[in-house]
Number of protein chains: 2
Amino acid sequence: MTHPKGAQPYHHGDLRNALLLAAEQLLAEQGAASLSLRAVAKRAGVSHAAPYRHFRDRAALLRALAQGGFERLAGAIELAAGNASQNPEQKLVEAGVAYVRQAVERPALTRLMFGGSVMVEDDAAYRQASAAAFEALLKIIGEGVAAGVFRARDPRELALVAWTSMHGMTMLMTAGLLDSNASGNGGIDDQVRSIARNVIYGLSK
Amino acid sequence: MTHPKGAQPYHHGDLRNALLLAAEQLLAEQGAASLSLRAVAKRAGVSHAAPYRHFRDRAALLRALAQGGFERLAGAIELAAGNASQNPEQKLVEAGVAYVRQAVERPALTRLMFGGSVMVEDDAAYRQASAAAFEALLKIIGEGVAAGVFRARDPRELALVAWTSMHGMTMLMTAGLLDSNASGNGGIDDQVRSIARNVIYGLSK
DNA sequence: ACCTGAACACCGTTCAAGT
DNA sequence: ACCTGAACACCGTTCAAGT
C-alpha cells in the first residue's frame with residue numbers, strides 16, 4: 001500500500017532480512033546441502049542475481065545464518081547461567097538441556113553451525129558468536145569451582161569437558177544416531193540430564 | 001599390458017573401487033560439498049555417466065565412503081579394547097585418542113560420516129558399521145564395570161557418556177574450534193587424554 | 001555387461017543494462 | 001542505489017546407442 005498502483009519498488013526495503021528469512025525456511029525444509037541461492041531469491045520474490053547486492057556469495061549467506069544460530073545458543077546458555085535459584089550443578093545440566101533442545105528444534109541450522117560447510121576461519125563475527133556461547137558455559141564452571149562444588153582445576157579445562165559432552169550429544173542427535181530410546185521431547189531432556197549428571201559425577205567408582 | 005595395443009578395455013575391471021579411491025582423494029582435497037560425481041568420474045578416467053553403473057546416485061557413493069570410515073573407526077577402537085596390557089580406564093582413554101586421531105587425519109571423511117549429508121536412515125550397512133564402533137566401546141565399559149573400577153550402572157548409560165564426549169571432541173576439532181592450544185599431534189593426543197580423564201573422574205569434588 | 005555422448009533441468013557467479 | 005536478464009561454466013541424472 002505504500003506504493004502507487006500496488007507495483008512493488010525495487011524491494012520492500014530490507015531485502016537482506018527477507019533473504020535470511022527465506023533461507024532459514026528453506027534450510028529447515030531441505031537441509032543446507034540443497035539450499036540454493038536461486039531458490040532463496042525466488043522465495044524472497046527477487047531475481048537470482050539480487051542476493052549478490054547483500055551477500056558476497058552463497059557461503060556468506062550461510063555464515064550469516066550460522067552466526068544467528070550461535071547468538072541464539074549463547075543466549076540460551078546465558079539464561080541457564082543466570083538462573084539465581086539454581087546451583088552450579090543444576091545450571092550446568094540445564095545449559096546442556098538448552099544446548100540440545102536448540103539442536104533438536106533446529107537440526108539443519110545446528111549442522112550448519114558446526115558442520116564445517118561454512119568456513120570458520122575467515123569470519124570474525126562467527127568466531128565471536130561461538131566464543132560467547134563458550135564464555136557463558138565457562139561462567140557456570142567458574143562459579144562451581146569458586147563454590148567448591150567442582151574440582152579445583154582450571155575452569156577452562158573443566159568447561160572443555162562439559163562442552164565436548166554437550167556438543168557430542170547434539171551432534172549425535174541431529175545425526176539421528178541417538179534417538180532410539182527417547183520418546184518425545186521430555187524423553188530427550190531426561191536423557192540429556194542423565195548424561196550431564198554422569199559427566200559431573202564421572203564414570204569411575 | 002594386459003590388453004593389446006595398450007588400448008584400455010571398458011575399464012580396469014574394478015571401476016567401483018577406482019571410483020571410491022578417486023572420491024576419497026577428492027574428498028580430502030576439497031571437502032564433501034564440492035565433491036562432484038563428474039569430477040570423480042573424470043579422475044577415474046571414465047565418462048560422467050559411468051558411475052551410475054556402480055552407484056545409484058551421488059548419495060550412494062558418499063554413503064559407501066562413510067561406511068568405510070566407520071569400519072576403520074570400529075577397527076581402531078577394537079584395537080584399543082583388545083590391548084591386554086591396559087586396564088579399562090587406560091583402554092577408554094586410548095579409544096578416545098584413536099577416535100580423535102582418525103578425525104584429525106581424515107577430517108573431511110569424519111564430517112561426511114557424522115555430518116548428516118548422507119542419509120543415515122535408509123542404509124542398513126551404514127547403521128551396522130556405526131553400531132560396531134559403539135559395541136567396541138561398550139565392551140571396554142562393560143569390563144570396567146565388571147572389574148569394579150567404573151560405577152555399577154547400566155554399561156550402555158556409561159558408554160553413552162564416553163561416546164558423546166569423544167564424539168564432541170572430534171566434531172569440535174574437525175570444525176576448527178578446538179585447536180587453539182594444541183601444538184602438533186602429540187599436543188592433540190595429550191589434550192584428548194586430559195579430557196578423557198576428566199570424563200572418567202568427573203567434574204564434581 | 002559395461003561404457004559413451006547428447007540432452008535436460010538445474011546450479012553459482014558475473015556483468016551490462018535498466019529505473 | 002538497487003534490481004533484472006542474459007550469459008558462462010558447471011552440476012546430477014537419464015537414456016538411447018555403441019562395443
Side-chain angles (χ1 to χ4, degrees), chain A residues 2-23 25-27 29-66 108 112 117-119 122-123, chain B residues 2-23 25-27 29-66 108 112 117-119 122-123:
Chain A
T2 53
H3 297 95
K5 302 183 190 167
Q8 290 177 357
Y10 284 131
H11 205 269
H12 29 62
D14 195 3
L15 181 55
R16 189 175 194 277
N17 275 318
L19 290 169
L20 284 173
L21 206 75
Q25 288 172 11
L26 287 168
L27 181 66
E29 290 167 18
Q30 312 171 0
S34 50
L35 198 177
S36 81
L37 219 46
R38 290 173 98 112
V40 170
K42 181 181 273 187
R43 178 161 302 204
V46 293
S47 86
H48 64 259
Y52 288 89
R53 290 291 127 197
H54 301 279
F55 299 99
R56 184 214 284 260
D57 53 20
R58 180 177 180 272
L61 205 185
L62 294 181
R63 253 182 278 127
L65 239 34
L112 181 66
S117 28
V118 284
M119 283 297 103
D122 47 64
D123 191 333
Chain B
T2 55
H3 298 95
K5 301 181 190 166
Q8 292 177 355
Y10 284 128
H11 204 266
H12 29 61
D14 194 3
L15 180 55
R16 188 176 195 277
N17 275 318
L19 290 169
L20 283 173
L21 206 76
Q25 289 173 11
L26 287 168
L27 181 66
E29 291 167 17
Q30 311 171 359
S34 51
L35 198 177
S36 82
L37 219 45
R38 290 172 100 113
V40 170
K42 180 181 273 186
R43 178 161 304 203
V46 293
S47 86
H48 64 260
Y52 288 88
R53 289 293 125 196
H54 300 279
F55 299 98
R56 183 214 286 261
D57 54 21
R58 181 176 179 272
L61 204 185
L62 294 182
R63 254 183 274 130
L65 238 36
L112 181 66
S117 30
V118 285
M119 283 298 102
D122 47 65
D123 192 332

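Proteins come first, then strands; the chains are lettered A, B, ... in the order of their sequence lines, and each starts at number 1.
Neither OP1 nor OP2 of D/dC10 sits under 4.0 Å from any side-chain N or O of B/His48. Between A/His54 and D/dC2 there is no side-chain polar atom (N or O) within less than 4.0 angstrom of OP1 or OP2.
A/Arg58 comes within contact range of the sugar-phosphate backbone alone, with a heavy-atom separation under 4.0 Å but no base atom that close. B/Ser47 comes within 4.0 angstrom of a nucleotide base, judged by non-hydrogen atoms across all strands.
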Checking A/Arg16 against A/Asp14 for the side-chain contact (heavy atoms from CB on, under 4.5 Å) test, could you report, in this order, the C-alpha distance in whole Å, the side-chain angles of both residues, the deciding distance, and whether it holds? CA-CA 5 Å; A/Arg16 189 175 194 277; A/Asp14 195 3; 4.0 Å; yes
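In this structure, A/Ser34 OG and A/Leu26 CG are separated by 8.5 Å, a value rounded to the nearest 0.5 Å. The distance from the CG atom of A/Leu65 to the CG atom of A/Leu21 is 10.0 Å, given to the nearest 0.5 Å. Note that CG of B/Leu37 is 8.0 Å distant from CG of B/Leu19, once rounded to the nearest 0.5 Å.
For B/Phe55 and D/dT13, the CZ to C1' distance is 16 Å, given to the nearest whole Å. Rounded to whole Å, atom C1' of C/dT4 lies 13 Å from atom CG of B/Leu15. With rounding to whole Å, A/Arg16 atom CZ is found 19 Å from D/dA1 atom P. The distance between atom OH of A/Tyr52 and atom P of C/dC15, rounded to the nearest whole Å, is 12 Å. Counting to the nearest Å, the P atom of D/dG5 and the NZ atom of A/Lys42 are 13 Å from each other. B/Leu26 places its CG atom 10 Å from the P atom of D/dC11, with the value rounded to the nearest Å. Taking atom CG of residue B/Leu37 and atom C1' of nucleotide C/dC11, one finds them 15 Å apart after rounding to whole Å.
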Quick one: the dot-bracket string of DNA chain D, using Watson-Crick and G-U wobble pairs with both distances under 3.5 Å, [ ] for crossing pairs and | for bases paired to another strand. ||.|||||...|||||.||
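Residue side chain A/Arg38 reaches the base of C/dT13 through a donor-acceptor N/O pair under 3.5 Å, judged by distance alone.
Sequence neighbours left out, the pairs with a member in residues 29-56 of chain B that pass salt bridge (charged side-chain N to carboxylate O under 4.0 Å, His left out) are B/Glu29-B/Arg43.
Taking for each of A/Ala39 and A/Arg53 the nucleotide of DNA chain C with the nearest heavy atom, the 5'-most of the two is the partner of A/Ala39.
Contacts of B/Ala49 classified as side chain to side chain contact (heavy atoms under 4.5 Å, CB included), with partners at least two apart in sequence or in another chain: B/Ser47.
Contact annotation: the side chain of B/Leu35 approaches that of B/Leu62 to within less than 4.5 Å [non-hydrogen atoms, C-beta and beyond].
The nucleotide whose nearest atom lies closest to any side-chain atom of A/Ala49 is, among D/dT4, C/dG12, C/dT4, D/dT4.
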